[in-house]
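Quick notes on the structure that follows.
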Amino acid sequence: MRRFVQVALLVLSGVGLLRTSLFTEAYLRYVKEGMRPLLIASGVLLILLGVAEAWSAWRSAGRRPETEGDSHDHGHGHDHSGVPRVAWLLFLPALSLLFYAPPALGSYTASREAPKAVAVVDEDGFDPLPATSPLPITLTDFTQRVQQDEARSIEGRTVRMTGFVTPAGGGEGWYLTRIMLSCCAADAQSVKVRVYGVEAPKADTWVTVTGTWHAQGTLGTPSAAVALDGRTVVKIERPVNGYTDALPLALGS
């Protein structure tokens, strides 16, 4: 029974990994896109190991003397080589890869993690903003320009940003949020922009928000609020790879 469990776990885990990484985009809920080849290779390796273990068990069974089973008895009248009951719990994550993919990280994670510290931009590091209105901008770029751009280029500009809804947990407004991964879900970090003036959709809803900087603090300095006076909120589908702070798509595209 012990070798049967080992074989089953290896094969189920391998098939689950291949299903997730080859035939769906669900793997992007847990790792970055560049990890896909490694997931595929891991799935193939697990299946090969399972097949090798099954072959070894079959050959061993063919050569085993009839009295071999008594060697594990130790005079107690029962076999001690069985699988611990807790080992059966390992089937749960293996089966989940096949039949149920856990949801992507969202507001639950973002509300319990400190926002990611955005990088400090060099004094001449800000490029001129295009004249487009509303201006598509990432949450990171908006944060940097609000708190670091001494030219105050964001002042008076109508901007458009995309993310998911995270409740503010008290007080006015809610957070437009993006979660970013360095490698996998274990190292997730979030960037948030507080939104005022428009009603918050349900938590974890992906939206595109249009508005202007919420005038609080001194623009271009760390005292400036990373916040938006919202004008419109449009619900959208979650992007295939939601773990990037990407520019919003044009509405209707």
Side-chain angles (χ1 to χ4, degrees), residues 28 31-35 104-107 109-110 113-166 168 173-184 187-198 205-253:
L28 292 174
V31 298
K32 296 185 71 172
E33 187 173 7
M35 298 290 288
L105 301 180
S107 61
T109 299
E113 297 286 342
K116 179 181 184 295
V118 299
V120 176
V121 180
D122 295 337
E123 185 176 350
D124 299 325
F126 288 103
D127 296 326
L129 291 174
T132 307
S133 184
L135 172 70
I137 192 170
T138 66
L139 276 66
T140 299
D141 192 15
F142 179 80
T143 301
Q144 290 173 326
R145 289 183 180 273
V146 163
Q147 295 193 328
Q148 301 178 38
D149 185 6
E150 296 180 356
R152 302 163 66 97
S153 60
I154 207 74
E155 187 172 23
R157 296 295 304 269
T158 300
V159 299
R160 186 173 72 235
M161 292 181 283
T162 291
F164 63 85
V165 176
T166 299
W174 48 278
Y175 289 109
L176 184 68
T177 311
R178 297 299 289 255
I179 287 180
M180 295 166 287
L181 305 183
S182 297
C183 173
C184 62
D187 56 29
Q189 292 182 304
S190 64
V191 58
K192 304 176 185 177
V193 172
R194 194 151 187 160
V195 180
Y196 295 94
V198 287
T205 302
W206 279 81
V207 296
T208 293
V209 180
T210 301
T212 56
W213 174 63
H214 179 75
Q216 181 178 343
T218 302
L219 190 61
T221 72
S223 70
V226 182
L228 199 70
D229 286 325
R231 295 179 180 174
T232 63
V233 177
V234 178
K235 297 180 182 179
I236 63 170
E237 294 293 327
R238 182 185 189 276
V240 172
N241 188 352
Y243 292 139
T244 57
D245 187 17
L247 288 172
L249 297 174
L251 297 180
S253 63

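- Using a 4.5 Å cut-off on side-chain heavy atoms (C-beta onward), Thr162 and Ile236 make contact.
- In this structure, the side chain of Trp213 does not engage the main chain of Val159 through any donor-acceptor pair within 3.5 Å.
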Exercise for review: Step by step, work out the side chain to side chain contact (heavy atoms under 4.5 Å, CB included) result for Ile154 and Asp149.
Suggested key: CA-CA 8 Å; Ile154 207 74; Asp149 185 6; 5.9 Å; no
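- Scanning for ring-ring contact (aromatic ring centres under 6.0 Å, His included) contacts around Tyr175 gives an empty result, with sequence neighbours left out.
- Between Gly173 and Ala168, the shortest heavy-atom contact is O-CB, 3.3 Å.
- Using modelled atom types, no side-chain atom of Asp245 and backbone atom of Thr138 make a donor-acceptor pair closer than 3.5 Å.
- Taking the side chain as every heavy atom from C-beta outward, Trp174 and Val233 approach each other to under 4.5 Å.
- Two residues are said to be in side-chain contact when any heavy atoms from C-beta on lie closer than 4.5 Å; Phe126 and Arg145 meet this criterion.
- Side-chain atoms of Arg157 come within 3.5 Å of backbone N or O of Thr132 as a donor-acceptor pair.
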Side-chain donor-acceptor pairs of residues 218-229 under 3.5 Å, sequence neighbours excluded:
| unit_1 | atom_1 | unit_2 | atom_2 | d |
| --- | --- | --- | --- | --- |
| Thr221 | OG1 | Thr218 | O | 2.7 |
| Thr221 | OG1 | Ser223 | N | 3.3 |
| Thr221 | OG1 | Ser223 | OG | 2.8 |
| Ser223 | OG | Thr218 | N | 3.0 |
| Asp229 | OD1 | His214 | ND1 | 2.7 |

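- Thr158 places a side-chain heavy atom less than 4.5 Å from the side chain of Thr210.
- Taking CD1 of Ile179 as the reference point, atom NZ of Lys192 lies at 9.0 Å (rounded to 0.5 Å).
- Here the shortest heavy-atom pairing between Pro136 and Pro134 reads CD-O, 3.3 Å.
- Residues Val209 and Met161 have side chains not in contact (no heavy-atom distance under 4.5 Å, counting atoms from C-beta outward).
- In this structure the side chain of Thr143 never reaches within 4.5 angstrom of the side chain of Gln148, judged on heavy atoms.
- Atom-to-atom distance recorded for Phe142:CZ and Arg160:CZ is 14.5 Å, nearest 0.5 angstrom.
- Interatomic distance, OG1 of Thr205 versus CD of Glu237, reported as 10.5 Å (0.5 Å rounding).
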